[in-house]
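Heads up: numbering here begins at 1 and tracks the sequence.
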Amino acid sequence: MVQNNNGSQRYVEEAFAQIQKKKNIRDILILNDRGHPIKSTMDHDAAVEFAGLFQALRGRLERGMQKIDAKDELVLMRVRTKSHEVLLTPDSKITVIVVQNAFDHFEKKVVGIDRHK
């Protein structure tokens, strides 16, 4: 874990603790303002790799969104698969990435679409 000053460390710990209380959370990854993992439920190598992949996706999304509205900014990125959902939320101090299990059967709610044909 990267060392932060006391105020920032407290902020990270509080955010981490709040997320851990939620149901169906698989992994939590908190990045500093440079995109480096500072707290995670993943092992260090996995956290670094995961952070890099999602930061690259975030950068591409932000560049694409600039073409639509140069004044807009990313507040949440949500990536959904059949069984998991990844949420990325940046703020001025940290970026939080949460991997959660998707138990709401999203696919079954899509009426009239058989995605397995």
Could you tell me which non-hydrogen atom of [X] sits nearest to which non-hydrogen atom of [Y], and how far apart they are?
X   : Y   : answer
P37 : L29 : CB-CD1, 3.8 Å
V12 : I30 : O-CD1, 3.7 Å
M42 : A47 : SD-CA, 3.8 Å
D43 : A46 : OD1-N, 3.0 Å

Connected via hydrophobic side-chain network under 4.5 Å: [X] and [Y]:
X   : Y   : result
I68 : L57 : yes
V99 : V96 : no
V79 : M65 : yes

Contact check, side chains of [X] and [Y], non-hydrogen atoms, under 4.5 Å:
X   : Y   : result
I97 : V86 : yes
D33 : I94 : no
L61 : L74 : yes
T95 : L88 : yes
H36 : L31 : no

Item checked: Separation between CD of Q66 and CG of D72, rounded to the nearest 0.5 Å -> 8.0 Å

Notebook entry, point to check: Roughly how far, to the nearest 0.5 Å, is the CG atom of L87 from the CD1 atom of I25?
Noted result: 7.5 Å

Margin query: Before you tell me yes or no, could you show the steps for E49 and L53 under side chain to side chain contact (heavy atoms under 4.5 Å, CB included), namely the whole-Å CA-CA distance, both residues' side-chain angles and the distance that decides it to 0.1 Å?
Written below: CA-CA 6 Å; E49 181 179 11; L53 293 170; 4.1 Å; yes

Notebook entry, point to check: F54: what forms a ring pair (Phe, Tyr, Trp, His ring centres under 6.0 Å) with it, not counting sequence neighbours?
Noted result: F50

Margin query: Any side-chain to backbone donor/acceptor pair from T41 onto I28? Under 3.5 Å, distance only.
Written below: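 Indeed, once roles are kept as given, a pair shorter than 3.5 Å links the two residues.
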
Next item on the list: Count the heavy atoms belonging to other residues, nucleotides or ligands that lie under 6.0 Å from CD of E73, then report whether that count exceeds 12.
Entry: no

Notebook entry, point to check: How would you list all residue pairs meeting salt bridge (charged side-chain N to carboxylate O under 4.0 Å, His left out) that involve residues 53-68, not counting sequence neighbours?
Noted result: R58-E62

Margin query: Checking I38 against F16 for the side chain to side chain contact (heavy atoms under 4.5 Å, CB included) test, could you report, in this order, the C-alpha distance in whole Å, the side-chain angles of both residues, the deciding distance, and whether it holds?
Written below: CA-CA 11 Å; I38 54 175; F16 195 86; over 6 Å; no

Checklist line | By side chain to side chain donor-acceptor pair (under 3.5 Å) - contacts of E85 (at least two apart) | finding: R78, Q100

